[in-house]
Amino acid sequence: MLFHVEMVVSLPHDMPEDVANEIKTRERQYAQDLQTQGKWRHLWRIAGSYANVSIFDVESNSELHELLSNLPLFPYMDITVRPLCRHPSSIRDDDR
Ligand SMILES: O=C(O)C[C@H]1C=CC(=O)O1
């Protein structure tokens, strides 16, 4: 199942830099592991914002919820999820 996920990050202004950097380091490792597994198919920065647009490929709504809620930055994110289905005009076989 494919999902379009938009994540907007808002770290508290008074969060110490070393704490923020430690969370971001764990976030990067987590995101890269999921990309390697093929579950996090696309990850794009939204230009000019501390936000991303992502495509997840998971087995269920519950799996997506678990992956997102375990993001190290999850407590500091506003997340919008949109379910996707194949477009009839798509020429990409993996757009399922
Ligand atoms: O920077 C972000 O968009 C937030 C988050 C998503 C992946 C990652 O490494 O950090």
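Whatever order the structure lists them in is the order used to number ligands and atoms, beginning at 1.
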Can you check side-chain hydrogen bond (donor to acceptor under 3.5 Å, both in side chains) on Asp33 and Gln37, steps first, answer last?
CA-CA 6 Å; Asp33 286 349; Gln37 292 171 40; 5.7 Å; no
Any side-chain to backbone donor/acceptor pair from Glu22 onto Asp18? Under 3.5 Å, distance only.
no
Side-chain touch Val9/Leu11, heavy atoms, less than 4.5 angstrom:
yes
Please list the nearest protein heavy atom to atom 10 (O) of ligand 1 with its residue and the distance rounded to 0.1 Å.
Glu27 CG, 3.1 Å
Side chain, backbone, both or neither: which part of Tyr30 comes within less than 4.0 Å of ligand 1 when only heavy atoms are counted?
neither
If we count only N and O atoms by modelled type, under 3.5 Å, do the side chains of Trp40 and Ser54 hold a donor and an acceptor together?
yes
Within 4.0 Å of some non-hydrogen atom of Trp40, the atoms of ligand 1 are 6 (C), 7 (C)
Separation between CG of Leu43 and CG of Leu34, rounded to the nearest 0.5 Å
10.5 Å
Among Met7, Arg45, Gln32, closest by heavy atom to atom 2 (C) of ligand 1 is Arg45
Can you check whether Asn52 has an N/O within less than 3.5 Å of an N/O in ligand 1?
yes
Just which atoms of ligand 1 are under 4.0 Å from any heavy atom in Arg28?
9 (O)
Show the atoms of ligand 1 that are less than 4.0 angstrom away from any heavy atom in Tyr50.
1 (O), 2 (C)
May I ask you to identify, for Trp44, whether its side chain, its backbone, both or neither come under 4.0 Å of ligand 1 on a heavy-atom basis?
neither
Could you check whether Arg41 pairs with Asp57 (Lys NZ or Arg NE/NH1/NH2 to Asp/Glu carboxylate O, under 4.0 Å)?
yes
